[in-house]
Amino acid sequence: MARLTRSAARARPPAPVRAVHIGLGAFHRAHQAVHTMADSDWGIAAYTFRNTELPRVLTEQDGLYSLQVRGDGEPQAEIVDAISRAHPGSDIEQWLADLASPDVALLTLTITEAGYRASGDGTAIGRVLAGLRERHRAGGAPIALVPCDNLPGNGGVLREAIHTAAAGEELAFRSWIEDHVSFVDTVVDRITPATTEQDIATAARLTGLEDRAPVVTEPFSEWLLAGDFPLGRPAWENAGARFVDDLAAYEQRKLWFLNGAHTLLAYAGAALGCATVDEAVQHPVLASLAESWWDVASRHAALPAEDLADYRQRLLQRFSSRGIRHNLRQIAADGSQKIPARILPVLRAERAERRMPEAPVATLAGWLIHLRDRQVSDPRADELVPLARSADAPRRVLSTLDASLADDGELISAVEDYAERLRLSAG
């Protein structure tokens, strides 16, 4: 079988690099790269600072990979050619050169929620700041920074992270950032589970080519953007992106309804023995919890009721699809960063009205069990795991999310009782 290359796939030559991306994971390749492919004048130089194998494989494949779109029928495959170059993070010289180039008009980021809270050498924010410093030195062409992670007001979060990291820099550089760097707010959505060996075999069957870097995703995709692009941008709207003036209500809808439900299922579902999202929504207890969560979130959401009802229906269809086996363990990573944005705003609003909603309590109880009994992937794991295994664990763990939660004795008792309920149900 022929290896996936441009000659084997009869793909067009690599587009000139006009965009840079940091965070070369499956989501970027299923989302921003696919949108960029709709404009043949724009190529991406993609970097990962976590993985050396993926850039090597993509380089051997001339930047190409297959995208499998899976619904309930036979999966469909296409070859994505938006990545003109792929680089490991060790290629610092090329990273700085790309960020300094006046031909590069934008930088997109998928660095996880936790990535915006860490700065300094070796962090994503530190590397972006180094690239901006080099761009300033090279003439100071403007650039748009486009974060694509699930954070409310992610453009503002990135702006604050860069400004904080640059606090000790020269005044001229800080002023240039203020005047010439645009921070774009986005809402992104496309479920992209981790790739398996079976997916690699399926890619070969569907394309007739050997692809060592396939991506699997669902038919649904959404990208909403608000902000300025001083040197232009790809025609992302040709692939369905929408440009709006205010993203706040859409951010809230996505974070609470999709991401919040995912977080609920990841923790309560795992506690009840489920492994994937589609398996979890077939479980009667978890299906009821998900609907309950959406009912509660609807009381505080900004969009009209009919919009929310339609969104809920589409989410249930997406979650139930057996074409996408979205692993709950993957979703459960970085809970300390996700829960404050996805769950706590609704919980606080409910507690302000003296209600004790079951679904947020179940989420926190499931997270407590996860921290105590399972392998934890979280930037605060060294702090959280010992607390979850200590006396007075619910109070001590929840206080790390929000100190005021530790003062809500009724909530602490409810979480503790629900954790015991989940343990008994699982046993």
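Along the sequence shown, residues carry numbers from 1.
At a threshold of 4.0 Å, the pair E222-R190 does not count as salt-bridged, since none of the basic side-chain nitrogens sits closer than that to a carboxylate oxygen. With salt bridges taken as basic N to acidic carboxylate O contacts below 4.0 Å, none links R127 and D121. With salt bridges taken as basic N to acidic carboxylate O contacts below 4.0 Å, none links R212 and E60.
Within 6.0 Å of the CD atom in E170, the count of heavy atoms belonging to other residues, nucleotides or ligands does not exceed 12. In this structure, R314 places its CZ atom where more than 12 heavy-atom neighbours from other residues, nucleotides or ligands lie under 6.0 Å away. Environment of CZ in F27: crowded, with over 12 heavy atoms of neighbouring residues, nucleotides or ligands closer than 6.0 Å. Residue-environment remark: CD (E74) exceeds the threshold of 12 foreign heavy atoms within 6.0 Å. Counting non-hydrogen atoms of neighbouring residues, nucleotides and ligands closer than 6.0 angstrom, the CZ atom of R10 reaches no more than 12 such neighbours. More than 12 non-hydrogen atoms from other residues, nucleotides or ligands lie less than 6.0 angstrom from CG of D179.
In this structure, Y116 and P147 approach most closely via the heavy-atom pair OH-CB, 3.3 Å. The minimum heavy-atom distance linking G269 with L286 is given by the pair CA-CD1, 3.5 Å. For the pair E178 and H163, the tightest heavy-atom approach, listed with the atom from each and the gap, is OE1-CE1, 3.2 Å.
Using cut-offs of 30° and 60° for the angle between ring planes, the W176 and F173 rings count as parallel. Taking the six-membered ring where the residue is Trp, F319 and H262 present parallel rings, their angle staying beneath 30° rather than reaching 60°.
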List the atom pairs, with distances to 0.1 Å, where a side-chain N or O of residues 238-248 and a protein N or O form a donor-acceptor pair under 3.5 Å, not counting sequence neighbours.
from: D246; atom 1: OD1; to: A248; atom 2: N; distance (Å): 3.0

I'd like a table of donor-acceptor pairs (distance under 3.5 Å, sequence neighbours excluded) in which one partner is a side-chain atom from residues 137-146, with atom names and distances.
none

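Residues passing the side chain to side chain donor-acceptor pair (under 3.5 Å) test with T36 are W236, sequence neighbours excluded. Listed by chain and residue number, A388, R389, R423 satisfy the side chain to side chain contact (heavy atoms under 4.5 Å, CB included) test with R372 (two or more places apart in sequence, or in another chain). A search for side chain to side chain donor-acceptor pair (under 3.5 Å) contacts involving R312 returns E291, D295, not counting sequence neighbours.
Because its NZ or CZ atom is both nearer than 6.0 Å to the ring centre of Y311 and within 45° of the ring axis, R253 counts as a cation-pi partner of that residue.
We find the CD-CG distance between Q94 and D98 to be 4.5 Å, quoted to the nearest 0.5 Å.
Just one residue in the list E251, Q337, K338, K254 forms a side-chain contact (heavy atoms from CB on, under 4.5 Å) with N150, and that residue is K254.
The list of salt bridge (charged side-chain N to carboxylate O under 4.0 Å, His left out) pairs with a residue in residues 17-43, not counting sequence neighbours, is empty.
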